[in-house]
Amino acid sequence: MRDILKNYIDHAWVAPSSDATQEIVNPATGSVSGRLALSTGEDVDRAVAAARQAFASYSQTSLEERSALLNRIADGHEARAEDMARAVTADIGTPVAYARTIVQVGAGQFRLLAKAIQTYPFAENQGGTRIVKDPIGVVGMIPPWNYPALQSAEKIAPALAAGCTMILKPGTPYTNQVLAEILHEAGVPKGVFNLVNGRGSVIGTSLSRHPHVDMIAFTGSTAVGIEVQKNAADTIKRVSLELGGKSPHIILPDADLQAAAQSAVAKVMRNSGQTCAAPTRTLIPRVHKAELEVLIRTAAEAILVGDPLTDVFMGPAANEAQWHTVQKYIQAGIDEGATLLTGGPGRPEGLNDGWFERPTVFTDVRNDMSIARQEIFGPVMSLIAYDTVEEAIAIANDTPYGLAAYVDGGDQAVVQAVASRLRAGQVMLNGKGPDFHAPFGGYKQSGNGRIWGLAGLEEYLETKAVVGGC
C-alpha cells in the first residue's frame, strides 16, 4: 500500500511532532507494506485544542446542516467503497468480498443518523420544564482493529449527529486514512474531526487523561477498557465501553440441526474469529451430541482459507501477535483435556506465508476450561454438551462477559423464553445476525453504554432541564 506519515488536525494533513515510525505488515504475506507515524502527546494536545475551538460553533449548527453533512459522508463512503474494502484487507486480512459488506454497513451508520436526527426529540416539554439534549463536547475515540470500516463509523456518525467534535486514534492505518479523506471531501468543518496516528499506549492514554476531552468512546478488550476507565477517572469524563465477549450459542433439542450447525460455524469463523460477539461457546443437547459433532466438523472442514483477495471465507489473523495468542489457546485446549474435533495448531497445509490459522473445533469442553472462559479472538469453537434447557441457560450465563448470545430452536415461544433469561446485550435467534440499527453493547465485563441506532446517538448527549422554559 503506502506510508501513513501524517495526522489530520484542524482540517489539514500535518506531520507529527516525532519522526518515529513503525512498519505496517500485510498479514497475508508477512511482508512490509508501509510505515505508520508514531505521534506523541503533543500531537494529541494540538488535536484536542482544535476540537475544543470547533465545538463552540459546530455544537450550534442546525439539524438540517448536520443531516446534510452525514448524507454527504455516506455518499463519499459509497463512492469509495472499493478503496475502503481493499484497505480493510490490507490492514487485517479480511477477505475482500466480506470487507465490501462491512463497508456498506459503515456507510449505513451515517445514512441512518442523517435521517434519524430530523425527528429525534432533542427538546421536549415536561410540565413547565423544557428537557433539552445537548452535545457532550469533545470526544476521544479509540476503535479497535478488527472491523475498521464499521467501528470508526459507528463512533464518528453519532458524534457528528449530536453536535460533538472529536479526535480519532485509529485502530488501523489504511482504512482510517481513506475514511479521513472521505470526511475531508464531504466538508466536515475545520477542527470538528481530527485523527492522530500512533500507539494506543501513548495516544489512547493521552486522550483518556486529557482534561479538555469530555468523553472517551472505546471498543476493545476488557483489560484495556479497564485501563481506559482508570485513566479517565481523574477528570470524571464519560466513558463508553464496548468490550470483550465469550458469547454462548444454545442449540435447543428441536432446532434444525443442519442449519444451526452451519450458522454456528460461520459465525465463529467469520473474520478469522476476530469478532467480539462471536458465539465461541456452542451449547449442544447431549441427546444430539454425536450428530452435531459430525455436522459441525463437516462445516468447519469445508471452510476455505487462503489469500483474502480471492474467493475465500477466511483470511489470516490480523497480525503475528494475534496468531501466537490463538496458537497458545489451541494448545491449552489440548492440554486441558478437550477433544480436538478438527483443526489444531499450526497453519493450514500449503499456507506457509502470512498468519493463517486452521478453523478449530473442540468438543467435550467444560465451561471451566480456559478455551471456554477466555476471549481467544480466533477461529476456535468450543462445544459444551448439556442435558436440560435449564442447564444450558445456567452455562450460558456462567461467564464474566455478556455481549451477545444466540438461540436456535423450533418452538418460537421457547426460543423467546430462553432469550429473555440470557444476560447479554443483543440476543440473536435462529440464524439471525446483528441488527445494526438496534442497540449493541454489553452486560457485566463486556462494557457499558451502547452503540448503533438511536441508543448510540444518546451516548453523545447530555440532558439539561430548563425550569420555567416552556
Side-chain angles (χ1 to χ4, degrees), residues 39 41 44 47-48 51 92 106 109 135-160 162 164-173 175-176 179 193-245 274-277 318 322 375 377 400-404 425-426 439-453 455-462:
S39 304
V44 172
V48 171
I92 64 166
Q109 295 294 309
I136 194 168
V138 175
V139 183
M141 299 177 171
I142 312 172
W145 46 259
N146 57 318
Y147 284 92
L150 169 61
Q151 288 163 320
S152 293
E154 72 191 15
K155 292 174 170 45
I156 295 168
L160 288 174
C164 297
T165 59
M166 65 215 69
I167 304 94
L168 178 75
K169 186 275 164 200
T172 63
T175 308
N176 285 281
L179 182 56
F193 169 79
N194 304 273
L195 178 152
V196 180
N197 288 300
R199 293 194 174 97
S201 58
V202 176
I203 309 307
T205 300
S206 295
L207 284 171
S208 301
R209 292 176 173 169
H210 206 288
H212 296 144
V213 171
D214 301 294
M215 173 182 172
I216 293 292
F218 173 82
T219 300
S221 72
T222 296
V224 177
I226 291 168
E227 290 303 309
V228 168
Q229 197 160 37
K230 287 179 178 177
N231 290 333
D234 288 342
T235 50
I236 320 294
K237 56 173 58 70
R238 182 180 299 175
V239 180
S240 177
L241 302 173
E242 194 263 282
L243 305 176
Q274 297 164 151
T275 302
C276 54
Q322 190 59 33
E375 184 178 39
F377 228 54
Y401 298 109
L403 189 58
Q426 193 167 112
F440 182 82
Y443 288 26
K444 299 185 280 186
Q445 291 185 28
S446 287
N448 53 52
R450 292 296 182 265
I451 57 175
W452 306 344
L457 171 67
E458 289 167 345
E459 290 292 307
Y460 297 86
L461 297 172
E462 290 279 26

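For clarity, every value in this text was computed on a predicted model and none was experimentally measured. Note that these values count all heavy atoms, side chains included, but never hydrogens, waters or copies made by symmetry.
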Pair Lys237-Ile216, side chain to side chain contact (heavy atoms under 4.5 Å, CB included): steps then yes or no: CA-CA 7 Å; Lys237 56 173 58 70; Ile216 293 292; 3.6 Å; yes
Apply side chain to side chain contact (heavy atoms under 4.5 Å, CB included) to Ser208 and Ile142, showing your working. CA-CA 9 Å; Ser208 301; Ile142 312 172; 4.1 Å; yes
Would you sort out whether Ile92 and Tyr147 count as a side chain to side chain contact (heavy atoms under 4.5 Å, CB included), showing the intermediate values? CA-CA 9 Å; Ile92 64 166; Tyr147 284 92; over 6 Å; no
Might you work through the side chain to side chain contact (heavy atoms under 4.5 Å, CB included) test for Phe218 and Val239, ending with a clear yes or no? CA-CA 8 Å; Phe218 173 82; Val239 180; 5.5 Å; no
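Glu375 places none of its side-chain heavy atoms less than 4.5 Å from the side chain of Thr222. Side chains of Pro170 and Asn197 form a contact here, defined as non-hydrogen atoms less than 4.5 Å apart. Considering only heavy atoms from C-beta on, Gln109 comes within 4.5 Å of Trp452 through its side chain. When side chains are defined from C-beta on, Met141 counts as touching Ile156, because their heavy atoms get closer than 4.5 Å. No side-chain heavy atom of Leu207 sits less than 4.5 Å from a side-chain heavy atom of Val228. In this structure, the side chains of Glu462 and Asp214 stay at 4.5 Å or more apart for every pair of heavy atoms. Counting heavy atoms from C-beta on, the side chains of Lys155 and Val139 never come closer than 4.5 Å. Side-chain contact between Ile203 and Val44 is present, with at least one heavy-atom pair separated by less than 4.5 Å.
With hydrogens and angles disregarded, a donor-acceptor distance shorter than 3.5 Å links the side chain of Gln426 to the backbone of Pro439. A side-chain donor-acceptor contact under 3.5 Å links Lys169 to the backbone of Gly198. Here the side chain of Asn231 pairs no donor or acceptor atom with the backbone of Thr205 at under 3.5 angstrom. At distances below 3.5 Å, at least one donor-acceptor pair connects side-chain atoms of Ser446 with backbone N or O atoms of Gly244.
Between Gln445 atom CD and Leu241 atom CG the span is 11.5 Å, to the nearest 0.5 Å. Remark: Tyr401 OH to Cys276 SG distance equals 11.0 Å, nearest 0.5 Å. With rounding to the nearest 0.5 Å, the separation of OG1 in Thr172 from CD in Gln151 is 9.5 Å. Between His210 atom NE2 and Thr235 atom OG1 the span is 10.0 Å, to the nearest 0.5 Å. Separation of atoms CG (Leu179) and OG (Ser152) is listed at 6.0 Å; rounding is to 0.5 Å. The distance from atom OG1 of Thr165 to atom CG of Asn194, rounded to the nearest 0.5 Å, is 7.5 Å.
Nearest heavy-atom pair, Val213 versus Gly140, reported as atom, atom and distance to 0.1 Å: CG1-N, 3.6 Å. Across Ile167 and Ala51, no two heavy atoms sit closer than the pair CD1-CB, 3.9 Å. Here the shortest heavy-atom pairing between Val196 and Ser39 reads CG1-CB, 3.6 Å. Taking all atoms of both residues into account, the shortest heavy-atom contact from Pro158 to Tyr460 is CG-CE1, 3.6 Å.
The ring-ring contact (aromatic ring centres under 6.0 Å, His included) check on Phe377 picks up Trp145, with sequence neighbours excluded.
Summarising the local packing, CZ of Arg238 is surrounded by more than 12 heavy atoms from other residues, nucleotides or ligands at distances under 6.0 Å.
Side-chain contact check for Ser240 and Glu459: at least one donor-acceptor pair (N or O, by modelled atom type) lies under 3.5 Å.
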